Number of protein chains: 2
Amino acid sequence: MNASMDSIDTDLAARIRAAIIQGKFHEGERLSEAQLCDLFGVSRTPVRLALRLLEREGVIRRGGGRGYQVHSPTVADILQAVQVRGHLESLAARLMAMSPGRHNQLPNLAAAIDEIERLIGLGVMDDATLRQLQQQNANFHKTILDGCGNDFVGFTCNQISHLPMLEVGSMVFDRQVLSSPQGVERSLFRLRFGNAQHKVIYEAIQKGDAVRAEGVMREHSNTMVEYIEVFEKRNEALTLSDLISYSGIDLAQVQTAAPLSG
Amino acid sequence: MNASMDSIDTDLAARIRAAIIQGKFHEGERLSEAQLCDLFGVSRTPVRLALRLLEREGVIRRGGGRGYQVHSPTVADILQAVQVRGHLESLAARLMAMSPGRHNQLPNLAAAIDEIERLIGLGVMDDATLRQLQQQNANFHKTILDGCGNDFVGFTCNQISHLPMLEVGSMVFDRQVLSSPQGVERSLFRLRFGNAQHKVIYEAIQKGDAVRAEGVMREHSNTMVEYIEVFEKRNEALTLSDLISYSGIDLAQVQTAAPLSG
DNA sequence: TCATGCGGCTTGGGATCCCAAAGTCAAGCG
DNA sequence: CGCTTGACTTTGGGATCCCAAGCCGCATGA
């Protein structure tokens, strides 16, 4: 019930999307409806709905004459998108700092900050802890998006949050880095640094310092961009699969092949 | 061939959207597929595709159990969206000012500015002139979105540009204001003011002054917000139909009823 | 030999059919 | 008299069918 709470087409779109991101199709490959039908074992109606959805998301495009062709997002695309999302979040931070009713939401921010601090204090970077960290991080960011008074900011963020690492509040880690003690230590530092930014954002919003809230939030978003760029420099052939982790979307659990027959 | 260059479902979505925006359906009204089928004289397949599209756009929502209910955007919603779009454009302006290859695009910006200046100089505010103004304004803004180097900014803007007045480069006028000489004069001033901002943005981008480009672009976007807010104050029951004009989308030309039979 | 036209084949779009789930109404029971 | 439950009806989701519009290839004529 994890990936299939929605109807077939939404679920199907998620599976095709995951397949594309994981590189199961070649870049520019033609996708025909019939092909997807018997690949996933469904009829053409949901396939067409899914294709329309994916077209809007930008992971497939109308190619030349007939059919769609896959347009798999590259790491560079994701970096651009993260920048856009960060810019939107900085707008949200500014607006929230200017909002009179912001004090109702402040406890939620504080709770997320404290919980992240507690989790960091444990000093372990196992899967469960990372999941909880991601959850609290998402809480923090979503609270700002919801509390900024402009519903459209959150709406627009959601419009682009289907791509990997674009889910609001997602946290990116290199898989390898967590296997070495130094890597864990560096990751812990990165988390402490991020949470320090959270605290500054919190205080700026509390005091109504809109400029500061916006600026620090922008800087906070930039942190992820730079983190990914470091990877890019270190590893030429960086692929999305190397990075996707703790983003709220677990690609590994999204099955690609059709499981059942009849 | 204006509104129907795409296939039926896209066109259908546009018609349903127009009907919703024009208030042909009550807020919260249940939309059933069958009802829309015989209202527009098409089958259920395109209707479902259109409904999925409109759901993603946010003009209809999944209501309670079955079916969709219309969620017509209010003037307040549009204001929020304009703010978001403006924020994205200010990001584009900043990025373009920082982009090394920006000089290729500068002539396009200058051309749009000059052409707007020329059109304003005519001193007339007839339909044809306004259309040309809107076109040049769109050129200016699209050039920045395309030239900023981050394709995702333009992509995200496009994601929300189906709503009235959210098309990039759209210009909003009150219909009534153009019928009086004072109104025309005020509108001309507003256009001159806007184009002056264009010039400042142009120069900031040229000089690579990213901070200034971003700031003026934000202010430039705010102008429209304030213009609409003035209306809102003057006319309590301001509806979207009073404002929609010269937005690139001509609602009057989008037919609602089914034209043919058999 | 090359170009052009015709015909078949592939493929996407729209319509219709079937089924399952949810909502509603009414009747029976407490 | 009210609540519950079961049957009917409405409606949305999925599958299949039909049609039209592009591609491809072959053949024929210049």
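Computed over heavy atoms, backbone and side chain alike; hydrogens, waters and symmetry mates excluded. Note that the coordinates shown come from a computational prediction; the quantities given were computed from them, not determined experimentally. Order of the sequence lines fixes the chain letters, A, B, ..., with proteins taken first and strands second; residue numbering starts at 1 for each chain.
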Taking atom [atom2] of [N] as reference, at what distance in whole Å does atom [atom1] of [X] sit?
X: B/R52; N: C/dG14; atom1: CZ; atom2: P; result: 16 Å
X: B/I60; N: D/dG12; atom1: CD1; atom2: C1'; result: 13 Å
X: B/Y68; N: C/dA22; atom1: OH; atom2: C1'; result: 16 Å
X: A/L12; N: D/dA15; atom1: CG; atom2: P; result: 10 Å
X: A/D11; N: D/dG14; atom1: CG; atom2: P; result: 10 Å
X: A/F40; N: D/dG14; atom1: CZ; atom2: P; result: 15 Å
X: A/D38; N: D/dT16; atom1: CG; atom2: P; result: 12 Å
X: B/L49; N: D/dG12; atom1: CG; atom2: P; result: 15 Å

Checklist entry - Can you find an N or O donor on one side and an acceptor on the other, under 3.5 Å apart, linking the side chain of B/R62 with the base of D/dG12? => result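 No such pair is found, so the answer is no.
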Checklist entry - Is any N or O donor-acceptor pair between the side chain of B/R48 and the base of C/dG14 shorter than 3.5 Å? => result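 For B/R48, whose side chain was compared with the base of C/dG14, there is no donor-acceptor pair (under 3.5 Å).
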Next on the checklist: Please give me the minimum heavy-atom distance between A/A13 and A/L54, naming the atom from each residue.
Outcome noted: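 For A/A13 and A/L54, the tightest heavy-atom pair comes out as O-CD2, 3.6 Å.
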Checklist entry - For the residue pair B/C148 and B/L95, what are the closest heavy atoms and their distance? => result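 Smallest heavy-atom distance, with atoms named: O-CB, 3.5 Å.
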Next on the checklist: Classify A/L51 by what it touches in the nucleic acid, base, sugar-phosphate, or nothing, heavy-atom distance under 4.0 Å.
Outcome noted: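 The answer is nothing, as A/L51 stays clear of every strand by at least 4.0 Å.
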Item to check | CA sep, side-chain torsions, deciding dist, call: A/N137, A/Q134, side-chain hydrogen bond (donor to acceptor under 3.5 Å, both in side chains) | outcome: CA-CA 5 Å; A/N137 191 46; A/Q134 192 271 327; over 6 Å; no
Item to check | Pairs meeting criterion salt bridge (charged side-chain N to carboxylate O under 4.0 Å, His left out) with involvement of residues 144-154 of chain B, two or more places apart | outcome: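 Every pair satisfying salt bridge (charged side-chain N to carboxylate O under 4.0 Å, His left out) with a residue in residues 144-154 of chain B: there are none.
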Checklist entry - So does B/R61 pair up with B/E55, basic N to acidic O under 4.0 Å? => result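 The answer is no: the pair does not qualify as a salt bridge.
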Checklist entry - ring-ring contact (aromatic ring centres under 6.0 Å, His included) with A/H87: which residues, sequence neighbours excluded? => result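 Residues passing ring-ring contact (aromatic ring centres under 6.0 Å, His included) with A/H87: B/H87.
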Next on the checklist: When you compare the side chain of A/I144 with that of A/E89, does any pair of heavy atoms fall below 4.5 Å?
Outcome noted: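 No, side chains not in contact.
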Checklist entry - Do any side-chain nitrogens or oxygens of A/T45 fall under 4.0 Å of OP1 or OP2 in D/dG14? => result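 No, no such contact exists.
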So which protein nitrogen or oxygen atoms get under 3.5 Å of nucleotides 17-19 of chain C's nitrogens or oxygens?
none

Checklist entry - Considering residues at least two apart in sequence or located in another chain, which fulfil the side-chain hydrogen bond (donor to acceptor under 3.5 Å, both in side chains) criterion with B/Q80? => result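 Listed in chain order: nothing, the list is empty.
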Item to check | salt bridge (charged side-chain N to carboxylate O under 4.0 Å, His left out) against A/R52, all qualifying residues, sequence neighbours excluded | outcome: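 Salt bridge (charged side-chain N to carboxylate O under 4.0 Å, His left out) list for A/R52, sorted by chain: B/D9.
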Could you go through nucleotides 9-11 of chain D and list every protein N or O atom that sits under 3.5 Å from one of its N or O atoms, giving the distance for each pair?
unit_1 : atom_1 : unit_2 : atom_2 : d
D/dT11 : O4'    : B/R66  : NH1    : 3.0
D/dT11 : O2     : B/R66  : NH1    : 3.1

